[in-house]
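Here is the structure we will look at.
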Amino acid sequence: MTHMLNAAADRVKWTRSSAAKRAACLVAAAYALKTLYPIIGKRLKQSGHGKKKEAAYPAAENTEILHCTETVCKIPSPGVNADFFKQLLELRKILFPKLVTTETGWLCLHSVALISRTFLSIYVAGLDGKIVKSIVEKKPRTFIIKLIKWLMIAIPATFVNSAIRYLECKLALAFRTRLVDHAYETYFTNQTYYKVINMDGRLANPDQSLTEDIMMFSQSVAHLYSNLTKPILDVILTSYTLIQTATSRGASPTGPTLLAGLVVYATAKVLKACSPKFGKLVAEEAHRKGYLRYVHSRIIANVEEIAFYRGHKVEMKQLQKSYKALADQMNLILSKRLWYIMIEQFLMKYVWSSSGLIMVAIPIITATGFADGEDGQKQVMVSERTEAFTTARNLLASGADAIERIMSSYKEVTELAGYTARVYNMFWVFDEVKRGIYKRTAVIQESESHSKNGANVELPLSDILAIKGKVIDVDHGIICENVPIITPAGEVVASRLNFKVR
């Protein structure tokens with residue numbers, strides 16, 4: 001390697017250190033190309049040809065194997081689409097059963113706190129500009145007065161920040177309480193708790209749906225409301241303030257506004273193209289968490305049989321297999337978030353910061369109200385420009401942070417779609433089971449040439465448990481001819497049973 005660097009340096013008149021730096025850069029570029037090319041190629045191939053169907057994860061270990069000719073049910077993956085908004089509207093009827101509720105009160109208080117924080121941010125940005133102006137003008141008395149105001153305004157600002165977090169948690173708790181009350185009422189009506197587990201196979205883990213899924217959905221809805229309402233208001237008010245300031249000084253706000261719109265639009269298109277399907281990934285992660293919990297609960301329920309038959313090794317392998325599946329899914333989500341967050345931070349921090357400096361500089365440079373006058377007014381104009389630059393930069397940083405949260409919330413919306421689908425499916429199954437509509441999730445074993453995993457099929461339980469026989473009254477004894485013995489879960493114990501009792 002040393003001889004190669006010396007030869008390269010002699011040929012093109014490079015120093016040895018310069019040749020080493022260029023070689024290191026080439027090695028780093030080659031490694032980055034080797035790492036990123038398969039990922040980018042896979043994304044482009046998936047967008048052109050579509051993803052291959054992933055193997056279905058087993059919903060339960062002891063699922064009955066049935067040979068069926070019905071069409072395999074294709075359950076759409078959760079995403080931000082028409083189904084998501086339809087499910088969210090249906091759940092809204094549970095969260096807000098009427099106009100005046102406890103949840104509505106918490107929502108109004110939360111909205112007031114968010115609006116107050118926006119106006120405080122605008123006032124603090126203007127106060128920062130005045131503090132910097134007093135420093136440039138060398139006025140210690142004015143500086144001390146402005147600094148005291150800044151410290152005094154910090155007290156209500158910190159209280160509002162704390163109140164926003166407090167009200168967000170209270171709103172999430174109110175949503176969760178409302179959903180839990182409705183779920184428990186449905187769950188214990190007409191023995192739904194028994195029918196869901198023993199006569200219907202669509203919910204493998206009702207306990208997870210009733211606890212963790214409802215909790216995650218409630219927290220996600222409350223957090224998303226906070227992450228969308230305040231940023232949208234921030235963008236509107238800061239944009240209006242910046243435009244008014246530029247217009248009052250004789251500068252045209254058209255150029256910076258067009259530049260901001262172009263940068264935000266380009267960033268949104270790039271992030272949407274690179275965004276993985278977080279809703280589907282999160283829903284699958286929740287499903288595998290529930291299956292791992294199911295395996296644990298099954299061991300607790302059958303601990304005596306496992307100890308008697310010495311089946312601890314088999315159960316341990318099953319636990320390890322379930323945990324490995326969950327760990328693989330979590331690693332998949334983390335790896336996808338790594339590259340997505342890297343692209344997101346590059347666009348929203350560095351590209352937006354450079355564009356923001358241009359947007360702030362153009363009005364100050366071109367404004368007629370900031371032009372240098374006579375020698376006596378030159379110092380005054382410098383302090384005025386400094387104040388305007390500081391205020392505009394703080395407002396622009398606040399607006400950029402708001403837009404960043406709006407665009408980053410797309411990932412949270414896709415995750416919310418996964419939680420919404422699971423909670424909505426739970427209530428849907430509870431409602432159908434309460435009305436006597438049951439479906440079993442069976443597994444069709446395909447040939448090894450097609451797939452090593454099964455394919456899930458939902459079979460109406462009413463077809464399995466259809467009563468097709470005749471009851472004839474006789475004088476003596478009981479006679480059963482070709483009677484099938486089927487459990488309430490739809491499992492066939494005996495296809496034909498014949499006996500006589502005299």
Side-chain angles (χ1 to χ4, degrees), residues 56-75 186-207 291 294-295 297-311 314-315 318 425-426 428-502:
Y57 190 78
E61 178 66 18
N62 294 329
T63 307
E64 181 188 2
I65 299 176
L66 300 176
H67 296 279
C68 179
T69 58
E70 293 189 24
T71 306
V72 176
C73 296
K74 295 183 178 180
I75 303 176
T186 310
Y187 192 55
F188 288 98
T189 302
N190 296 334
Q191 296 183 338
T192 303
Y193 59 90
Y194 172 80
K195 298 174 183 177
V196 164
I197 297 174
N198 293 294
M199 302 182 68
D200 193 277
R202 286 172 287 179
L203 286 180
N205 304 286
D207 56 336
Y291 183 71
Y294 162 76
V295 175
S297 62
R298 189 184 61 179
I299 294 175
I300 296 172
N302 301 281
V303 62
E304 293 184 1
E305 290 82 356
I306 295 172
F308 181 78
Y309 291 108
R310 299 182 183 275
V314 176
E315 296 298 330
Q318 186 63 32
N425 181 60
M426 177 191 68
W428 177 263
V429 172
F430 284 177
D431 184 64
E432 285 200 337
V433 168
K434 187 173 68 173
R435 292 186 286 115
I437 302 174
Y438 313 111
K439 292 182 181 179
R440 295 289 297 173
T441 303
V443 177
I444 296 177
Q445 296 293 332
E446 298 180 355
S447 61
E448 294 184 358
S449 61
H450 291 83
S451 175
K452 293 182 180 180
N453 302 296
N456 290 338
V457 178
E458 287 187 353
L459 299 178
L461 191 58
S462 57
D463 294 344
I464 301 175
L465 301 181
I467 300 176
K468 302 176 181 178
K470 294 181 180 180
V471 180
I472 302 174
D473 295 330
V474 295
D475 295 333
H476 301 287
I478 300 174
I479 302 173
C480 291
E481 295 181 352
N482 299 327
V483 177
I485 306 300
I486 304 176
T487 66
E491 299 174 355
V492 179
V493 178
S495 58
R496 294 181 180 181
L497 180 65
N498 297 286
F499 65 88
K500 295 181 179 180
V501 177
R502 295 186 181 276

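Model, not experiment: these values are computed from the prediction.
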Over 12 non-hydrogen atoms of neighbours within 6.0 angstrom of CZ in Arg496:
no

Do Val314 and Ile306 come within less than 4.5 Å of each other through their side chains, counting heavy atoms only?
no

Nearest-0.5 Å distance that lies between atom CD1 in Ile299 and atom CD in Gln318
8.5 Å

What distance do Tyr294 atom OH and Asp207 atom CG have between them, rounded to the nearest 0.5 Å?
11.0 Å

Steps toward side-chain contact (heavy atoms from CB on, under 4.5 Å) verdict (Leu203, Asn425)
CA-CA 9 Å; Leu203 286 180; Asn425 181 60; 3.8 Å; yes

More than 12 heavy atoms of other groups within 6.0 Å of Glu304 CD
no

Tell me, do Leu497 and Cys480 make a side-chain contact under 4.5 Å, heavy atoms counted?
no

Write down the atom of Asn498, the atom of Glu481, and the distance for their closest heavy-atom approach.
OD1-CA, 3.0 Å

To the closest 0.5 Å, what do you measure between CD (Glu315) and OH (Tyr309)?
13.5 Å

Distance, nearest 0.5 Å, that separates CG of Asp431 from OG1 of Thr189
10.5 Å

Okay, side chain of Thr192, backbone of Phe430: is any donor-acceptor separation there less than 3.5 Å?
no

